[in-house]
Number of protein chains: 2
Amino acid sequence: MRHWVLAAYDIGNEKRWRKIHTLMHDYGQPVQYSVFVCQLTPTDEVKLLARAREIIHPEEDQLILVRLQPIGRSLNNRIRSVGRPLTSLDIKKLQF
Amino acid sequence: MRHWVLAAYDIGNEKRWRKIHTLMHDYGQPVQYSVFVCQLTPTDEVKLLARAREIIHPEEDQLILVRLQPIGRSLNNRIRSVGRPLTSLDIKKLQF
């Protein structure tokens, strides 16, 4: 089953940051500088984590995947935002 | 009821970033440069969003709060990470 997944990363240097940012575009949409919203199956998650492990420095960097609900249920009641709009601008692009 | 809440923010300038980072320390623990894990009641969320709204630039900045599960249930099966450890290092500090 495909779930909404929030990905957030802290990368210690510019070169690795760009590689992770490029990798993440294969899996979702950026909603912030280092935060993506994705729609992933468990297999997608495993593949993403494996590919990220090849780039990430084990002590300096960190990528977290936060699994939310199945994609059939809207994120609106789960995520609240202040400032730049989130759902109206970014999440919409994720609709397959 | 108190829930685990993930907070992530994108702030367009250093001064406002520092203010939001300081504010967030009233509500949780940093797990990444711009990501905090919090344990919040709905009232805490409302207060946090109101205080953030006074700092945040409506077009340049964004703070998102992602409500996860009640704090009684561990985050371990919800969050997966690569690189720097998350739960063993950071979340533990949140146990009241």
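By convention in this document, chain letters (A, B, ...) are assigned in the order of the sequence lines, proteins followed by strands, and residues within each chain are numbered from 1.
B:R67 CZ to A:I79 CD1: the interatomic distance, rounded to the nearest 0.5 Å, is 12.5 Å. To the nearest 0.5 Å, the span separating OH on A:Y9 from OH on B:Y33 amounts to 15.0 Å. Atom CZ of A:R78 is separated from atom CG of B:L65 by 13.0 Å, given to the nearest 0.5 angstrom. Separation of atoms OG (A:S34) and CG (B:D10) is listed at 7.5 Å; rounding is to 0.5 Å.
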Check against side chain to side chain contact (heavy atoms under 4.5 Å, CB included), A:L68 and B:L68: CA-CA 8 Å; A:L68 304 174; B:L68 304 175; 3.6 Å; yes
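For the pair B:Q32/A:I64, a side-chain contact is recorded, criterion being any heavy-atom separation below 4.5 Å from C-beta on.
Residue contact with chain A, scored on non-hydrogen atoms closer than 4.5 Å, involves the side chain of B:I56 exclusively. In this structure, the portion of B:L6 lying under 4.5 Å from any heavy atom of chain A is its side chain and not its backbone. For a residue to count as touching a neighbouring chain, one of its non-hydrogen atoms must lie under 4.5 Å from one of that chain's; by this rule B:V35 touches chain A with the side chain only. Only the backbone of B:E59 comes within contact range of chain A, with heavy atoms under 4.5 Å apart.
Atom CZ of B:R18 has 12 or fewer heavy atoms from other residues, nucleotides or ligands within 6.0 Å.
The nearest pair of heavy atoms linking B:R84 to A:Q62 is O-NE2, 3.0 Å.
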